[in-house]
> 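To start, I am sharing the structure in question, which I have written as structure tokens.
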Amino acid sequence: MYSKSFIVLFIANILCAGLLVFSKGIEVQADSSSLTKIVEPERFESLERVISYNTIEHSYCISVTDEDIQNLMKIVQAEAGGEDRKGKLLVANVVINRVKSSKFPNNVTDVVFQKEQNVTQFSPVSNGTIYNVEISEETREVVYSALYGEDASEGALFFMARKYAEPDSVEWFDENLTYLFSYGGHDFYIR
């Protein structure tokens with residue numbers, strides 16, 4: 001009624017199942033001298049090995065204090081509060097690029113409040129609007145994204161809002177810096 005091959009296959013399956021059940025009770029030991037590293041599972045749960053792993057901690061692209069983060073949020077909100085996400089990101093990128101540059105102070109707070117020949121680098125610092133901004137949720141998210149390394153700036157170290165800038169400032173930017181691109185209400189430059 002059954003072919004011989006079917007019966008042999010059935011018996012082989014029963015033997016394999018028996019060996020599998022039997023092998024669960026035997027601990028296999030290896031000669032540790034032939035292994036480069038012995039890896040042992042931490043624990044077992046219902047016959048499945050549970051693999052533990054470390055989560056990757058994100059780190060900022062520059063060193064910052066809580067004060068630096070707050071000042072970065074304030075300057076981004078003051079300079080680009082009316083801009084879209086990318087416009088805000090670009091302002092944050094410029095501040096971070098300056099922190100990374102040897103030509104500027106090495107922390108966010110000093111970059112934001114830097115004075116060159118008694119002139120502040122950012123107009124919201126000179127006119128005081130940086131102290132009165134209400135930081136939006138989008139600005140918070142953008143600042144953290146920039147701190148985690150999101151960068152759209154092409155290395156820009158300067159920006160200006162040409163339509164609001166003093167003619168002397170516009171002239172200085174045009175004569176002393178290399179124009180990179182415009183986005184939103186700002187032109188971006190590198191030295």
Side-chain angles (χ1 to χ4, degrees), residues 52-191:
S52 66
Y53 56 91
N54 294 327
T55 56
I56 297 173
E57 285 188 29
H58 292 287
S59 60
Y60 296 141
C61 61
I62 57 171
S63 247
V64 289
T65 63
D66 290 342
E67 179 185 20
D68 289 332
I69 294 170
Q70 284 304 306
N71 286 326
L72 185 54
M73 287 181 186
K74 287 178 184 179
I75 197 63
V76 169
Q77 186 69 44
E79 285 282 3
E83 299 274 338
D84 65 6
R85 184 186 188 286
K86 184 176 179 183
K88 291 174 183 170
L89 178 65
L90 288 166
V91 170
N93 290 155
V94 167
V95 175
I96 290 169
N97 291 346
R98 285 184 175 203
V99 171
K100 291 177 178 180
S101 170
S102 62
K103 296 176 182 172
F104 294 92
N106 64 357
N107 66 75
V108 170
T109 298
D110 289 348
V111 164
V112 169
F113 294 101
Q114 180 185 15
K115 285 186 177 184
E116 188 80 20
Q117 298 176 359
N118 212 28
V119 176
T120 60
Q121 298 294 295
F122 299 98
S123 57
V125 173
S126 63
N127 66 26
T129 57
I130 191 170
Y131 303 107
N132 302 317
V133 293
E134 216 172 292
I135 300 165
S136 71
E137 194 55 42
E138 182 179 55
T139 297
R140 287 181 201 287
E141 183 271 323
V142 166
V143 165
Y144 283 113
S145 291
L147 287 170
Y148 285 132
E150 184 179 353
D151 188 352
S153 71
E154 298 177 26
L157 292 169
F158 301 87
F159 64 87
M160 77 161 160
R162 187 173 291 273
K163 70 180 183 179
Y164 299 114
E166 296 292 323
D168 290 345
S169 294
V170 171
E171 187 177 314
W172 184 87
F173 273 78
D174 291 339
E175 290 177 2
N176 295 289
L177 302 174
T178 302
Y179 171 82
L180 292 173
F181 60 91
S182 293
Y183 188 85
H186 293 108
D187 295 344
F188 292 85
Y189 298 83
I190 197 162
R191 188 169 281 184

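This is a predicted model, so every value here is computed, not measured.
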> Is it true that T139 and S136 share a donor-acceptor pair across their side chains at a distance under 3.5 Å?
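Yes, T139 and S136 have a side-chain donor paired with an acceptor closer than 3.5 Å.
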
> Evaluate the side chain to side chain contact (heavy atoms under 4.5 Å, CB included) criterion for residues L180 and Y189: first the C-alpha distance (whole Å), next the side-chain angles of each, then the deciding distance (0.1 Å), finally the verdict.
CA-CA 5 Å; L180 292 173; Y189 298 83; 5.7 Å; no

> If you define the side chain from C-beta out and look only at heavy atoms, does anything of V64 sit under 4.5 Å from L72?
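Counting from C-beta outward, V64 and L72 never come under 4.5 Å.
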
> When rounded to the nearest 0.5 angstrom, what is the spacing between CE in M160 and CG in L177?
8.5 Å

> Any side-chain donor-acceptor pair under 3.5 Å between S101 and R191?
no

> Does R162 make a cation-pi contact with F173, if we ask for NZ or CZ under 6.0 Å from the ring centre and within 45° of the axis?
no

> Counting C-beta onward and ignoring hydrogens, is there a side-chain heavy-atom pair between L89 and R85 closer than 4.5 Å?
yes

> So do the side chains of R140 and M73 get within less than 4.5 Å of each other, counting heavy atoms only?
yes

> Rounded to the nearest 0.5 Å, what separation is found between the CG atom of L147 and the CD1 atom of I69?
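L147 CG to I69 CD1: 6.0 Å, rounded to 0.5 Å.
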
> Which heavy atom of V95 sits nearest to which heavy atom of F122, and what is that distance?
CG2-CZ, 4.1 Å

> Looking only at non-hydrogen atoms, find the nearest pair between V99 and V108 and report the distance.
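Closest approach of V99 to V108: CG2-N, 3.6 Å.
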
> If we ignore angles and hydrogens, is there a donor and acceptor under 3.5 Å between the side chains of T109 and N107?
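Checked: T109/N107 side chains show no N/O donor-acceptor pair below 3.5 Å.
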
> Hey, does K103 have a side-chain heavy atom less than 4.5 Å from the side chain of R98?
no

> Side chains of F104 and L157, heavy atoms from C-beta outward: is any pair under 4.5 Å?
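Yes. Closest side-chain heavy atoms under 4.5 Å.
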
> Between F158 and W172, is there a side-chain heavy-atom distance shorter than 4.5 Å?
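Counting from C-beta outward, W172 and F158 do come under 4.5 Å.
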
> Any idea which heavy atoms bring A165 and V170 closest together, and the distance?
CB-CG2, 3.6 Å

> Between N97 and S153, does any side-chain donor sit less than 3.5 Å from a side-chain acceptor?
yes

> Is any side-chain heavy atom of Q77 closer than 4.5 Å to one of P124?
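No, side chains not in contact.
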
> Just by modelled atom types, is the E141 backbone N or O under 3.5 Å from a matching donor or acceptor in the S145 side chain?
yes

> Within the supplied structure, the quantity of interest is the number of heavy atoms (other residues, nucleotides, ligands) at a distance under 6.0 Å from Y144 OH; does it exceed 12?
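No - once you tally the heavy atoms of other residues, nucleotides and ligands closer than 6.0 Å, there are 12 at most.
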
> Rounded to the nearest 0.5 Å, what's the gap from OG1 on T129 to NZ on K74? Could you check?
11.5 Å

> Answer yes if the side chains of N71 and D68 hold a donor-acceptor pair under 3.5 Å, and no otherwise.
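No.
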
> Is the CZ atom of F181 crowded by more than 12 outside heavy atoms at less than 6.0 Å?
yes

> Sub-3.5 Å donor-acceptor pair from the side chain of N93 to the main-chain atoms of E150, do we have one?
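Yes; judged by distance alone, with no hydrogens or angles, the pair exists.
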
> Against K88, only a single residue in E138, E137, E83 fulfils salt bridge (Lys or Arg N to Asp or Glu O under 4.0 Å); can you say which?
E138

> Verify the ring-centre separation between Y60 and Y148: is it less than 6.0 angstrom?
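Yes.
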
> More than 12 heavy atoms of other residues, nucleotides or ligands under 6.0 Å from CG of D66: is that the case?
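Check fails, neighbour count at 12 or below.
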
> Using 30° and 60° as the class limits, which term best fits the ring planes of F188 and F159: parallel, tilted or perpendicular?
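Tilted: the ring planes of F188 and F159 meet at 30° to 60°.
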
> Assess K86 against Y183: is NZ or CZ under 6.0 Å from the centre of the six-membered ring, and within 45 degrees of the ring's axis?
yes

> Rounded to the nearest 0.5 Å, how far apart are CD of Q70 and OG1 of T65?
9.5 Å

> Hey, what do you get for OH (Y179) to CD1 (I190), rounding to the nearest 0.5 Å?
14.0 Å

> Identify the two heavy atoms, one from P105 and one from Q114, that lie closest to each other, and give their separation to 0.1 Å.
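Minimum heavy-atom separation between P105 and Q114: CD-OE1, 3.5 Å.
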
> Does a side-chain heavy-atom distance below 4.5 Å link L90 with V94?
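In short, these two side chains do not touch, never coming nearer than 4.5 Å.
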
> At their closest point, which heavy atom of G87 faces which heavy atom of A80, and how far apart are they?
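That would be O-CB, 3.9 Å.
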
> Any chance you could lay out the side chain to side chain contact (heavy atoms under 4.5 Å, CB included) test for Q121 and K115, step after step, and finish with the verdict?
CA-CA 6 Å; Q121 298 294 295; K115 285 186 177 184; over 6 Å; no

